[in-house]
Amino acid sequence: DQQVKQNSPSLSVQEGRISILNCDYTNSMFDYFLWYKKYPAEGPTFLISISSIKDKNEDGRFTVFLNKSAKHLSLHIVPSQPGDSAVYFCAASPYNFNKFYFGSGTKLNVKP
Amino acid sequence: DSGVTQTPKHLITATGQRVTLRCSPRSGDLSVYWYQQSLDQGLQFLIQYYNGEERAKGNILERFSAQQFPDLHSELNLSSLELGDSALYFCASSVIDRGHGELFFGEGSRLTVL
């Protein structure tokens with residue numbers, strides 16, 4: 001049972017434009033949401049997170065939006081850079097952080 | 001460098017064999033999580049340990065077991081290996097107590113079962 005879903009396996013964006021990666025979840029008990037970035041042959045790297053008490057969190061070029069009523073979160077990257085090309089995973093966890101559920105990933109390609 | 005160390009990086013073995021994957025968490029992190037990633041799929045949660053005790057279990061097969069030692073390093077044991085067990089196995093650690101809960105991943109152990 002896939003509790004966290006990323007329905008777009010891939011996304012291609014021009015350098016300098018906005019990249020929007022989407023993620024949906026089914027479990028209303030999730031309290032904490034994260035985005036990870038993964039390059040080939042490396043482990044996932046933490047990017048940004050958001051608690052369920054917020055609807056937006058910003059860190060430099062990265063902004064995560066949370067819509068609890070729609071059970072949807074998104075990651076905006078502005079402006080996109082070629083070095084952002086990677087696989088992006090969203091993840092969700094209940095308040096006790098016992099389990100982190102990951103989506104299947106979206107491969108972002110930022111074209112120069 | 002996340003501070004999480006996994007060994008070995010690559011492992012090739014035959015069906016029916018048993019392997020042990022090792023993970024050293026970041027200094028000060030009490031929690032260790034194990035994940036499996038098969039063929040460009042998502043990360044499947046296997047098991048979590050907190051300060052030596054099993055805290056949560058995911059879709060971990062009965063042929064797989066894990067433990068966390070007093071020095072907080074963890075081992076994932078995979079036995080009676082099958083072709084389908086070929087995957088990347090990631091270990092992650094977290095402080096949790098800070099209330100943020102970010103996972104910090106190692107580089108993974110790539111297991112190939114022939």
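For the numbers below, each heavy atom of this structure counts, side chains included, while hydrogens, waters and symmetry mates do not. Here is how names work: the chains are called A, B, and so on, in the same order as the sequence lines, proteins then strands, and each is numbered from 1.
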- chain B contact via A:Lys107 - side chain, backbone, both or neither, heavy atoms under 4.5 Å: neither
- Task: Output all residues satisfying ring pair (Phe, Tyr, Trp, His ring centres under 6.0 Å) with A:His76, sequence neighbours left out; order by chain, then residue number.
- Result: A:Phe65
- Message: Same cluster or not: B:Val4 versus B:Leu21, using hydrophobic residues (I, L, V, M, F, W, Y) connected whenever any side-chain heavy atoms lie under 4.5 Å apart?
- Response: no
- Query: Can you list every pair that meets disulfide (SG to SG under 2.5 Å) and has a residue in residues 9-112 of chain A, with sequence neighbours left out?
  - Reply: A:Cys23-A:Cys90
- Taking all non-hydrogen atoms of both residues into account, name the closest pair between A:Phe102 and B:Leu43 and its distance. CD2-CD1, 3.5 Å
- Query: Hey, any chance B:Tyr50 and B:Leu76 share a hydrophobic cluster, counting ILVMFWY side chains that come within less than 4.5 Å of each other, even indirectly?
  - Reply: no
- Task: Flag yes if A:Phe30 and A:Leu73 sit in one hydrophobic cluster, no otherwise; membership is Ile, Leu, Val, Met, Phe, Trp, Tyr, and two members link when side-chain heavy atoms are under 4.5 Å apart.
- Result: yes
- Task: Answer yes or no: are there more than 12 heavy-atom neighbours, outside B:Arg63 itself, under 6.0 Å from its atom CZ?
- Result: yes
- List, by chain and then residue number, the residues other than B:Phe69 in its hydrophobic cluster (Ile/Leu/Val/Met/Phe/Trp/Tyr, side-chain heavy atoms under 4.5 Å); write none if there are no others. none
- Message: Are more than 12 heavy atoms, taken from residues, nucleotides or ligands other than B:Asn59, located less than 6.0 Å from that residue's CG atom?
- Response: no
- Could you have a look at B:Lys57, B:Gln6, B:Gln44 and say which one has the most heavy-atom pairs with chain A under 4.5 angstrom? B:Lys57
- Atom pair CD1/NZ of B:Ile47 and A:Lys99 - distance to nearest 0.5 Å: 10.5 Å
- Task: Kindly work out whether a path of hydrophobic side-chain contacts (I/L/V/M/F/W/Y, heavy atoms less than 4.5 Å apart) joins A:Ile20 to A:Leu34.
- Result: no
- Heavy-atom nearest pair, A:Phe100 first then B:Phe45, reads O-CB, 4.2 Å
- Message: Hydrophobic clusters here meaning ILVMFWY residues chained together by side-chain heavy-atom distances under 4.5 Å, can you tell me if B:Leu81 and B:Trp34 are in one?
- Response: yes
- Mind checking the CD1-CD spacing from A:Ile48 to B:Glu102? Nearest 0.5 Å is all I need. 10.5 Å
- Pairwise distance OG1(A:Thr45) to CG(B:Leu103) - rounded to 0.5 angstrom: 12.0 Å
- Message: Checking an interface table here. Which of residues 106-114 of chain B come within a heavy-atom distance under 4.5 Å of chain A?
- Response: B:Gly106, B:Glu107
- Query: When rounded to the nearest 0.5 angstrom, what is the spacing between CZ in A:Phe89 and CZ in B:Phe105?
  - Reply: 9.0 Å
- Considering non-hydrogen atoms only, spot the tightest contact between A:Gly43 and B:Phe90 and give its length. CA-CE2, 3.5 Å
